[in-house]
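Worksheet: one structure, shown below.
Quick note: residue numbers are just sequence positions, from 1.
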Amino acid sequence: MEFRIDFRPFRLEDARFINNLRQLESMESMLMGNKRPVSFERDVKWVQDVMMNDSQTTIYFAVTEQGKDDIVGYTSISEIDYRNGTCFWSGIKLDTRIAGKGWGTEVGLKILKFVFEELRMERCKGECLEEHEAGKRLMLKIGFQVDGLMRSAVYKNGKQHNQYIMSVIKSDYLHIKNERSL
């Protein structure tokens, strides 16, 4: 499979794009964390912290179009546990102008390739709100399986929400890799 996307480290100028994404109510309402106003200056500091962090348990990637440098989204892997071979695909945020064009699928597949081939993980988990149909559909499309539904797991927008927990294990990934020619 030829990817149309690349991953690169964050740059300070990415803070403007990230801050603009945070202002989108439609996007924030489907994510796990609580919505809160975030200033541009706060996002500059956050990007600086991500850039300078030497964490062995979290990795952030800016998503770009192949051969180009402008950020079109970002994604991350967290809770990296080298002893047990597990991690958490912490999510993805993409420019709304490219939504529905397969970019999310490519980001997810490229994350799985990195997780299983570079980090040598045994299991990658992901989570999404029960009502986040696009998120669930994306994860199923790239090979995640539903492990369960956690009831009343997330408080957001004034009420409790159920949350799917999903995962891909190495044997699943090997099948995905062959099927999609990764």
Side-chain angles (χ1 to χ4, degrees), residues 1 3-5 7 18 21-22 24-36 50 53 55-63 73-94 96 98-182:
M1 172 180 191
F3 286 106
R4 296 175 294 171
I5 60 159
F7 290 158
I18 290 165
L21 283 183
R22 285 192 207 267
L24 300 175
E25 176 64 35
S26 60
M27 187 174 295
E28 290 298 313
S29 68
M30 288 293 128
L31 301 177
M32 255 40 116
N34 290 314
K35 184 179 183 331
R36 62 188 173 115
V50 167
N53 190 350
S55 173
Q56 296 297 303
T57 60
T58 303
I59 302 170
Y60 279 88
F61 296 106
V63 178
Y74 66 98
T75 189
S76 62
I77 304 161
S78 61
E79 300 177 22
I80 300 169
D81 178 345
Y82 292 99
R83 184 180 196 306
N84 293 304
T86 61
C87 66
F88 174 48
W89 181 29
S90 315
I92 175 178
K93 280 189 174 183
L94 292 173
T96 56
I98 60 173
K101 297 181 180 172
W103 289 63
T105 300
E106 289 192 28
V107 170
L109 290 170
K110 194 161 183 146
I111 281 289
L112 292 179
K113 185 175 179 64
F114 183 81
V115 161
F116 290 106
E117 294 183 23
E118 297 298 322
L119 298 181
R120 300 183 321 183
M121 294 286 113
E122 177 61 34
R123 179 177 185 270
C124 179
K125 76 173 180 174
E127 299 170 350
C128 70
L129 296 176
E130 182 178 30
E131 60 269 24
H132 191 351
E133 288 297 323
K136 180 183 177 193
R137 205 170 37 250
L138 168 65
M139 294 195 330
L140 290 172
K141 182 178 183 179
I142 63 172
F144 279 81
Q145 295 182 26
V146 175
D147 292 336
L149 181 66
M150 298 185 294
R151 298 177 304 147
S152 292
V154 175
Y155 183 81
K156 186 168 185 89
N157 300 325
K159 66 178 188 170
Q160 293 296 136
H161 297 265
N162 297 337
Q163 176 185 43
Y164 283 109
I165 185 160
M166 306 170 84
S167 68
V168 176
I169 60 173
K170 188 185 294 182
S171 59
D172 298 334
Y173 172 70
L174 294 175
H175 177 73
I176 295 162
K177 178 180 178 177
N178 290 332
E179 187 178 86
R180 296 205 181 234
S181 302
L182 296 181

Minimum heavy-atom distance between [X] and [Y], given as atom pair plus value:
X: Cys87; Y: Met121; answer: SG-CG, 3.9 Å
X: Met1; Y: Arg180; answer: CB-O, 3.3 Å
X: Glu79; Y: Phe88; answer: OE2-CD2, 3.7 Å
X: Ile176; Y: Gly143; answer: CD1-CA, 3.6 Å
X: Cys128; Y: Met139; answer: SG-CE, 4.4 Å
X: Val115; Y: Leu119; answer: O-CB, 3.4 Å

TODO: Determine, for Arg123 against Asp147, whether the closest basic-nitrogen to carboxylate-oxygen distance falls under 4.0 angstrom.
DONE: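 Salt bridge flag = yes for Asp147 with Arg123.
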
Task: Note: Lys177-Glu179 ion pair, threshold 4.0 Å (strictly below) - done: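 The answer is no: the pair does not qualify as a salt bridge.
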
Open item on the list: Can a side-chain donor-acceptor contact be found between Trp89 and Thr75 if the only test is distance below 3.5 angstrom?
Closed with: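 Judged by distance alone, the side chains do pair up.
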
Task: Modelled atom types, side-chain donor and acceptor of Ser90 and Ser78, under 3.5 Å - done: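 Judged by distance alone, the side chains do pair up.
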
Would you say [X] and [Y] make side-chain contact, with heavy atoms under 4.5 Å?
X: Asn162; Y: Glu131; value: no
X: Leu138; Y: Thr105; value: yes
X: Lys93; Y: Arg22; value: yes
X: Ile165; Y: Lys125; value: yes
X: Tyr173; Y: Leu109; value: no
X: Thr57; Y: Tyr82; value: no
X: Val107; Y: Ile5; value: yes
X: Gln145; Y: Ile169; value: no

How long is the span from the [atom1] atom in [X] to the [atom2] atom in [Y], to the nearest 0.5 Å?
X: Ile111; Y: Ile59; atom1: CD1; atom2: CD1; value: 8.5 Å
X: Gln56; Y: Asp81; atom1: CD; atom2: CG; value: 12.5 Å
X: Lys159; Y: Ser152; atom1: NZ; atom2: OG; value: 10.5 Å
X: Tyr60; Y: Tyr74; atom1: OH; atom2: OH; value: 7.0 Å
X: Ser167; Y: Asp172; atom1: OG; atom2: CG; value: 7.0 Å

Open item on the list: According to salt bridge (Lys or Arg N to Asp or Glu O under 4.0 Å), does anything in residues 106-116 pair up with another residue at least two apart or in another chain? List the pairs.
Closed with: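 Sorted result for residues 106-116: Arg4-Glu106, Asp6-Lys110, Lys113-Glu117.
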
Open item on the list: If you take the centroid of each ring, where Trp contributes its six-membered ring, are Phe7 and Phe114 closer together than 6.0 Å?
Closed with: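 Between Phe114 and Phe7, the centre distance exceeds or equals 6.0 Å.
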
- [ ] Would you check, one step at a time, whether the test side-chain contact (heavy atoms from CB on, under 4.5 Å) holds for Thr96 with Leu24?
- [x] CA-CA 9 Å; Thr96 56; Leu24 300 175; 3.6 Å; yes

Open item on the list: Both conditions, 6.0 Å and 45 degrees, for the charged tip of Lys170 above the ring of Phe116: are they met here?
Closed with: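 Ring-cation test returns no.
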
Task: Stepwise side chain to side chain donor-acceptor pair (under 3.5 Å) test for Glu130 and His161 - done: CA-CA 7 Å; Glu130 182 178 30; His161 297 265; over 6 Å; no

